[in-house]
Amino acid sequence: MRLSRYFLPVLKEDPKEAQIVSHRLMLRSGMIKQQAAGIYSWLPLGFKVLRRIEQIVHEEQTRAGHIPLLMPTLQPADLWRESGRYDDYGEEMLRIRDRHKRDLLYGPTNEEMITDIFRSHVNSYKDLPLTLYHIQWKFRDEIRPRFGVMRGREFLMKDGYNFDLTREDALHAYNRHLVSYLRTYERMGLQAIPMRADGGPIGGDYTHEFLVLAETGESEVFYDSQITDLKFGSRDIDYDDKAQCQAVLEEFTSRYARTDETHDEAVFAQVPEDRRRVARGIEVGQIFYFGTKYSEPMGATVVGPDGARVPVHMGSHGIGVSRLLGAIIEASHDDKGIIWPEGVTPFHVGIVNLKQGDVATDSACEALYAELKARGLDPLYDDRDERAGAKFATMDLIGLPWRITVGPRGLAANKVELTSRRSGETTEMSPAEAVERLSATYRPVFAAGLPSPAA
Ligand code: 5CA
């Protein structure tokens with residue numbers, strides 16, 4: 001993309017309404033625009049990161065054997081009357097009435113609707129196990145929407161639902177989600193720690209939240225510091241292997257890690273004092289096992305092996321897709337702006353032309369731009385007629401992990417500069433070497449994905 005033709009409405013001033021750094025940086029770098037309290041337009045740069053995050057989520061769900069579909073945002077109230085949640089959900093639910101006076105609601109989550117799909121089409125235990133998911137907008141009329149996309153009213157969520165014959169199978173689905181979530185967050189450059197939590201309005205007493213440690217997090221968390229040494233890495237997991245998935249769950253949940261809702265001082269006191277941590281965290285996902293809470297009242301049953309109908313065991317599993325942008329920025333920024341992890345960056349590299357209009361410099365930039373694209377990279381070329389300082393400031397603000405700086409003086413010796421946004425380190429090299437270096441840097445990032453697009 002050429003910056004002269006892009007739409008990147010960066011703000012010079014710090015917006016007053018932003019209380020935390022991620023919200024401030026998302027507004028300043030022209031990623032989002034607020035349209036009403038907790039409701040945002042996603043401008044091109046923000047939309048690009050949102051799409052990259054979705055892609056990682058799709059790939060990791062596919063890897064785990066889960067199947068994408070798409071349910072609507074508007075749901076009939078009658079479905080929610082069947083489960084009893086229409087009245088229970090309270091004021092967070094946005095209720096709508098259509099011209100025929102039928103009650104609808106803007107879905108805050110989809111347990112009822114997916115259960116309805118299941119009961120309409122699945123009849124036998126032979127069709128299990130089944131896990132369906134979608135990435136869809138949700139609405140929760142939060143009393144205090146704040147911190148930008150972190151606590152929105154309209155927000156994008158990945159929500160997945162497993163259907164299993166037995167509790168044991170459903171717990172395997174739970175473990176499978178835990179494993180795939182660990183991998184998902186790490187690909188986004190995040191450490192998200194599974195912590196024992198509370199079921200809230202979704203229900204169930206077996207649930208973990210995934211928390212990214214950050215001072216601005218809304219949840220208070222208590223944990224054994226050893227847990228932060230755990231890395232999932234590039235393990236090769238067979239998601240159908242129950243023992244393997246269970247072992248990962250045990251490894252990542254055996255140390256003390258709880259949110260304030262389930263925190264137990266007496267148990268926490270058994271952690272050696274020098275390892276006890278009290279901190280704050282951002283909840284970027286949650287997994288639940290709730291058995292037959294929805295399948296029983298809604299009649300989602302299958303014919304079991306002995307011929308009798310039994311309600312299926314279910315769980316639901318959510319990732320806060322739009323919230324993740326805020327969480328990543330909270331975890332990765334400096335006083336100049338965002339520092340995108342390579343897995344989610346909107347553009348892989350920025351090209352800064354120090355002397356726009358100079359024939360040699362322009363043509364070197366054009367050649368770099370073409371060569372990077374030919375290598376499958378997505379460069380942003382700042383071809384505007386601006387001062388170098390302004391170009392650097394924009395690149396730093398929007399946080400691309402790499403910058404190539406091209407100027408007439410360097411080019412005279414066939415040199416450009418490659419700068420790392422994170423370390424600030426700059427190295428001189430030939431344009432060809434810069435392309436080589438960047439391709440090599442992104443090779444493992446691409447290799448972490450699936451070879452073919454997921455959904
Ligand atoms: N049905 C279940 C799992 S699919 C469910 O709704 N779970 S949830 O309530 O925990 O939401 C899943 C994730 O959505 C949360 O972990 C959080 O990351 C994100 N989320 C929840 N509320 C908001 C909000 N108001 N703004 C942005 N993200 C949110």
Side-chain angles (χ1 to χ4, degrees), residues 20 22-23 26 32 34 36-40 42 50 53-54 57 61 66 68-69 71 73 75 80 83 85 89-94 106-115 131-163 173-174 177-178 180-181 184-185 188 190 192-204 206-212 214 217-219 221 259 261 281-290 293-294 314-328 330:
I20 62 170
S22 58
H23 188 194
M26 287 183 79
I32 52 170
Q34 182 172 310
I39 301 178
Y40 293 87
W42 293 79
L50 193 67
I53 290 176
E54 276 186 76
V57 172
Q61 289 305 301
H66 305 158
L69 47 50
M71 291 175 271
T73 51
Q75 307 185 19
W80 288 66
S83 71
R85 279 207 296 183
Y89 218 94
E91 296 216 276
E92 261 190 29
M93 182 187 275
L94 182 65
Y106 194 126
T109 174
N110 281 64
E111 279 80 5
E112 284 77 359
M113 187 168 278
I114 199 82
T115 306
T131 296
L132 300 169
Y133 77 94
H134 70 164
I135 298 181
Q136 178 60 293
W137 294 94
K138 305 287 185 289
F139 195 93
R140 294 182 185 173
D141 203 354
E142 304 271 355
I143 191 158
R144 238 164 44 100
R146 57 186 184 150
F147 301 161
V149 301
M150 292 270 231
R151 180 162 295 282
R153 291 199 295 165
E154 189 188 47
F155 60 98
L156 191 59
M157 190 200 287
K158 170 262 164 183
D159 41 325
Y161 305 85
N162 68 283
F163 301 91
Y174 186 92
H177 280 90
L178 182 125
S180 70
Y181 280 22
T184 301
Y185 296 123
M188 298 173 188
L190 284 177
I193 305 171
M195 300 199 181
R196 277 268 296 279
D198 181 74
I202 309 295
Y206 192 53
T207 175
H208 284 90
E209 286 180 0
F210 287 77
L211 285 118
V212 172
E218 291 190 285
S219 317
V221 297
T259 64
E261 298 151 344
I282 302 166
E283 180 205 326
V284 291
Q286 186 164 7
I287 53 178
F288 304 80
Y289 163 72
F290 43 67
K293 171 173 173 177
Y294 299 91
M314 293 173 58
S316 69
H317 313 277
I319 292 181
V321 173
S322 49
R323 174 179 288 182
L324 271 165
L325 277 92
I328 293 168
E330 288 296 324

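Start at 1 and go down the list; that is how both ligands and their atoms are numbered.
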Using a strict cut-off of 4.0 Å, indicate which atoms of ligand 1 neighbour a heavy atom of Val284. 16 (O), 18 (O)
For Glu218 and Arg146 the tightest heavy-atom approach is OE2-NH2, 2.8 Å
For the side chain of Thr207 and the backbone of Ile287, is there at least one donor-acceptor N/O pair under 3.5 Å apart? yes
Answer yes or no for Val321: is there a heavy-atom contact with ligand 1 below 4.0 Å? no
Separation of Ile53 CD1 from Leu324 CG (nearest 0.5 Å): 5.5 Å
His134 NE2 to Asn110 CG distance, which is reported to the nearest 0.5 Å: 3.5 Å
Please report which non-hydrogen protein atom sits nearest to atom 19 (C) of ligand 1, along with the residue it belongs to and the distance in Å to one decimal place. Gly320 CA, 3.6 Å
Is the shortest distance from a heavy atom of Phe288 to ligand 1 less than 4.0 Å? yes
Taking only non-hydrogen atoms of Ser322, do any sit less than 4.0 angstrom from ligand 1? no
Gln286 side chain vs Asp198 backbone, donor-acceptor pair below 3.5 Å: yes
Calculate, to the nearest 0.5 Å, the distance between atoms CD1 and CD1 belonging to Ile319 and Ile135 respectively. 8.0 Å
Would you tell me which option among Gln286, Glu209, Met157 has the nearest heavy-atom contact to atom 11 (O) of ligand 1? Met157
Taking distance alone, with N or O pairs closer than 3.5 Å, would you say Lys158 contacts ligand 1? no
Quick note on ligand 1: atoms under 4.0 Å from a heavy atom of Asp159 include exactly 4 (S)
Just which atoms of ligand 1 are under 4.0 Å from any heavy atom in Val149? 27 (C)
Can you see whether His317 engages Tyr133 through a side-chain donor-acceptor pair at a distance of less than 3.5 angstrom? no
In the protein, what heavy atom is nearest to atom 26 (N) of ligand 1, and what distance, to one decimal place, separates them? Gly152 N, 3.1 Å
Indicate, as side chain, backbone, both or neither, the part of Glu283 found under 4.0 angstrom from ligand 1 when only non-hydrogen atoms are considered. both
Would you please test Tyr181 and Phe210 for ring-ring contact (aromatic ring centres under 6.0 Å, His included) and show each step? CA-CA 8 Å; Tyr181 280 22; Phe210 287 77; 5.4 Å; yes
Where's the contact between Ile287 and ligand 1, heavy-atom distance under 4.0 Å: side chain, backbone, both or neither? neither
In terms of residue, atom name and distance, what is the protein heavy atom nearest to atom 5 (C) of ligand 1? Ile202 CD1, 3.6 Å
Proximity winner for atom 25 (N) of ligand 1, if only heavy atoms of Arg153, Lys138, Glu142, Arg151 are counted: Glu142
Name all residues meeting the salt bridge (Lys or Arg N to Asp or Glu O under 4.0 Å) criterion together with Glu112; count only those two or more places apart in sequence or in a different chain, and write none if there are none. Arg85
Looking just at side-chain N and O atoms, do Glu111 and Ser316 make a donor-acceptor pair shorter than 3.5 Å? yes
In terms of ring plane angle, is the pair Tyr106 and Phe139 parallel, tilted or perpendicular, where the classes change at 30° and 60°? tilted
Which value, rounded to the nearest 0.5 Å, describes the distance between Met26 atom CE and Leu325 atom CG? 4.5 Å
Option of least heavy-atom distance to atom 8 (S) of ligand 1 (set: Arg140, His317, Arg144): Arg140
Does ligand 1 have an atom that lies less than 4.0 angstrom from a heavy atom of Met150? yes
Per-atom contacts, ligand 1 versus Gly285 - under 4.0 Å to a heavy atom: 16 (O), 18 (O)
For the residue pair Tyr206 and Tyr289, categorise the inter-ring angle as parallel (less than 30°), tilted (30 to 60°) or perpendicular (more than 60°). perpendicular
What protein heavy atom sits nearest atom 22 (N) of ligand 1, and how far away is it? Phe155 CZ, 3.5 Å
Under 3.5 Å, N or O to N or O, is Thr109 touching ligand 1 that way? yes
With a cut-off of 4.0 Å, which atoms of ligand 1 are near a heavy atom of Glu111? 1 (N), 2 (C)
What protein heavy atom sits nearest atom 17 (C) of ligand 1, and how far off is it? Arg323 NH1, 3.5 Å
